[in-house]
**Q** 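If you scroll down you'll find the structure; I have some questions about it.
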Amino acid sequence: MGWEIALHDGAGDIPYSLPPERHLPREETLRHCLQIGVKALKSNMTPLDVVELIVRELENIPHFNAGRGSVLTNKGTIEMEAYIMDGNTMKCGAVSGLSTVVNAVSLARLVMDHTPHTYLEFDGAEEFIDYTQPIQKDTIKNETETSLANDDSQIGTIGCVAVDSNGNLASATSTDGLVNKMGGQIGDTPVIGAGTYANEFCAVSATGIGEAIIRVTVARDVAAIMEFKGLSLKEAADFVVHERTPKGAVSLVVVSASGEVAMSYNTTGMFRACATEDGYFEVAIWTNTKVE
Ligand SMILES: CC(C)C[C@H](NC(=O)C[C@H](N)C(=O)O)C(=O)O
């Protein structure tokens with residue numbers, strides 16, 4: 001059994017007619033980030049560091065609605081959130097309501113590593129940024145006005161899961177939530193067991209309609225079904241996505257300690273990529289996958 005990595009940058013009703021100039025750059029970005037992740041795993045970086053690295057990389061790209069590309073709430077504010085979790089120790093960190101930090105995932109990591117808490121939000125999280133040095137504050141550019149006219153523009157939540165050859169797992173997700181959400185709303189991403197989860201069995205990162213994901217505790221259910229029912233990772237992920245959540249609401253990337261990787265979705269498409277130590281490399285949006 002070797003290392004595995006899977007990542008997504010959002011999912012939803014991605015039209016099959018999406019012109020190449022809109023989806024090819026996204027595929028290129030996914031390929032680029034996957035290559036960074038593969039290189040990091042090959043050089044024995046821990047899965048926890050790898051998922052943070054990849055999510056940071058995607059947060060820095062203005063086209064996706066997390067980090068630099070964040071979209072607005074109904075109050076015209078930016079409220080980003082992120083979650084990171086280590087499978088073996090089950091340590092985790094979460095942040096919500098960030099308006100100035102580019103790499104929300106790294107702030108979540110600092111909450112995990114340097115506070116006695118798991119979840120900081122709004123003023124408390126912003127004050128914690130002022131206290132920490134490594135986090136870059138910025139004026140977040142939003143592209144809402146131009147992007148609302150385009151079909152894939154509200155899609156871009158970022159997630160990454162990874163496992164090494166010793167079965168150490170980690171997961172991270174970063175988002176600015178649903179476009180035009182109410183100010184103050186918390187989505188599935190930073191809610192433990194909803195949009196993100198990792199334990200000794202598997203690591204899960206979700207994207208989709210947060211309320212549907214929270215209600216079903218999607219990420220925790222995948223892990224629980226594996227553990228208590230003995231199903232394979234793909235069976236567990238497919239069960240939660242296809243039998244427990246409404247169509248069009250949920251997409252997942254998952255890896256397991258037993259050497260499985262799966263990307264399961266009930267949306268029209270999902271911007272996703274995965275690679276394994278035995279040479280599998282895939283970047284895909286709809287069901288027609290491209291293997292390289
Ligand atoms: C149209 C939707 C499905 C796009 C999707 N959004 C999220 O994943 C938002 C996140 N799960 C939340 O609810 O806070 C995306 O960014 O790709």
Side-chain angles (χ1 to χ4, degrees), residues 6-15 18 22-23 26-27 29-30 33 55 58-59 61-74 77-83 94-98 104-105 108 119 121 140 142-144 147-161 171-197 204-220 240-241 245-253 263-273 284-286:
L7 54 121
H8 67 75
D9 66 46
D13 193 10
I14 307 167
L18 194 68
R22 290 199 68 86
H23 67 77
R26 276 198 186 249
E27 289 172 83
T29 302
L30 285 167
C33 288
V55 171
L58 285 158
E59 283 173 339
I61 298 170
H63 309 301
F64 305 142
N65 64 335
R68 282 183 191 273
S70 285
V71 291
L72 304 180
T73 67
N74 68 351
T77 53
I78 286 170
E79 296 179 7
M80 292 170 284
E81 43 196 14
Y83 184 81
V95 286
S96 281
L98 303 177
V105 71
Y119 195 170
E121 58 177 36
I140 305 290
N142 80 80
E143 304 188 337
T144 310
S147 60
L148 273 179
N150 300 314
D151 332 319
D152 60 331
S153 55
Q154 302 178 12
I155 295 171
T157 292
I158 297 160
C160 184
V161 289
S171 173
T173 313
S174 179
T175 189
D176 61 340
L178 293 165
V179 176
N180 211 29
K181 68 184 180 184
M182 283 176 68
Q185 185 261 13
I186 306 285
D188 59 297
T189 298
V191 174
I192 186 164
T196 320
Y197 193 69
V204 183
S205 172
T207 176
I209 311 296
E211 318 303 347
I213 297 170
I214 291 170
R215 270 195 289 275
V216 176
T217 58
V218 162
R220 171 62 197 155
V240 173
V241 168
T245 51
K247 197 162 169 37
V250 182
S251 299
L252 302 178
V253 289
M263 302 187 286
S264 195
Y265 61 97
N266 65 19
T267 47
T268 309
M270 177 188 198
F271 294 108
R272 63 193 189 278
I285 302 174
W286 299 282

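Just so you know, ligand 1 is whichever comes first in the structure, and atom 1 is the first atom listed for that ligand. Quick caveat, the model's predicted, so the values are computed rather than measured.
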**Q** Looking just at side-chain N and O atoms, do Glu81 and Ser96 make a donor-acceptor pair shorter than 3.5 Å?
**A** yes
**Q** Side chain or backbone, does Glu211 bring an N or O within less than 3.5 Å of an N or O on ligand 1?
**A**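 No, since none of the N or O atoms of Glu211 sits under 3.5 Å from an N or O of ligand 1.
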**Q** Indicate yes or no for a side-chain donor-acceptor contact from Arg272 to the backbone of Leu7 under 3.5 Å, with no hydrogens or angles considered.
**A** no
**Q** Between Asn266 (side chain only) and Val241 (backbone N and O only), is there a donor and an acceptor less than 3.5 Å apart?
**A** yes
**Q** Can you confirm, on distance only, whether ligand 1 has an N/O atom lying under 3.5 Å from any N/O atom belonging to Thr175?
**A** no
**Q** Do any N/O atoms on Asp188 end up under 3.5 angstrom from N/O atoms on ligand 1?
**A** yes
**Q** Of Gly195, Pro190, Gly177, Gly210, which has the heavy atom at the shortest distance from atom 14 (O) of ligand 1?
**A** Gly177
**Q** Tell me if a side-chain donor or acceptor on Asn74 pairs with a main-chain N or O of Gly183 at a distance below 3.5 Å.
**A** yes
**Q** With a 3.5 Å distance limit and no angle check, can you tell me whether Glu59 reaches the backbone of Val105 through a side-chain donor-acceptor pair?
**A**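 Yes, Glu59 side chain to Val105 backbone: donor-acceptor pair under 3.5 Å.
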**Q** Please report whether ligand 1 has a polar contact with Ile155, defined as an N or O pair separated by less than 3.5 Å (distance criterion only).
**A**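 Min N/O separation from ligand 1 is not below 3.5 Å for Ile155.
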**Q** Could you list the atoms of ligand 1 found under 4.0 angstrom from a heavy atom of Gln154?
**A** 4 (C), 15 (C), 16 (O)
**Q** Which pairs count as side-chain hydrogen bond (donor to acceptor under 3.5 Å, both in side chains) when at least one residue sits in residues 182-191, sequence neighbours excluded?
**A**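 Residue pairs passing side-chain hydrogen bond (donor to acceptor under 3.5 Å, both in side chains), neighbours aside: Gln185-Glu211.
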**Q** Gly156 to ligand 1: N or O pair under 3.5 Å?
**A** yes
**Q** Report the part of Ala206 in contact with ligand 1, treating N, CA, C, O as backbone and CB onward as side chain, heavy atoms under 4.0 Å; options are side chain, backbone, both, neither.
**A**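 Neither part.
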**Q** Quick test of your reading of the structure: of Gly248, Gly187, Gly208, Ala212, whose heavy atom lies closest to atom 9 (C) of ligand 1?
**A** Gly208
**Q** So does Val204 get a backbone contact from the side chain of Ser171, meaning a donor-acceptor N/O pair under 3.5 Å?
**A** yes
**Q** List in chain and number order the residues that pass side chain to side chain contact (heavy atoms under 4.5 Å, CB included) with Thr73, two or more places apart in sequence or in another chain; answer none if no residue qualifies.
**A**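 Side chain to side chain contact (heavy atoms under 4.5 Å, CB included) list for Thr73, sorted by chain: Lys75, Thr77, Glu79, Lys181.
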**Q** Numbering the atoms of ligand 1 from 1, which are under 4.0 Å from a heavy atom of Thr207?
**A** 5 (C), 7 (C), 8 (O), 15 (C), 17 (O)
**Q** Checking the N or O distance criterion of under 3.5 Å, is ligand 1 in contact with Gly10?
**A**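 So ligand 1 has no N or O lying under 3.5 Å from an N or O of Gly10.
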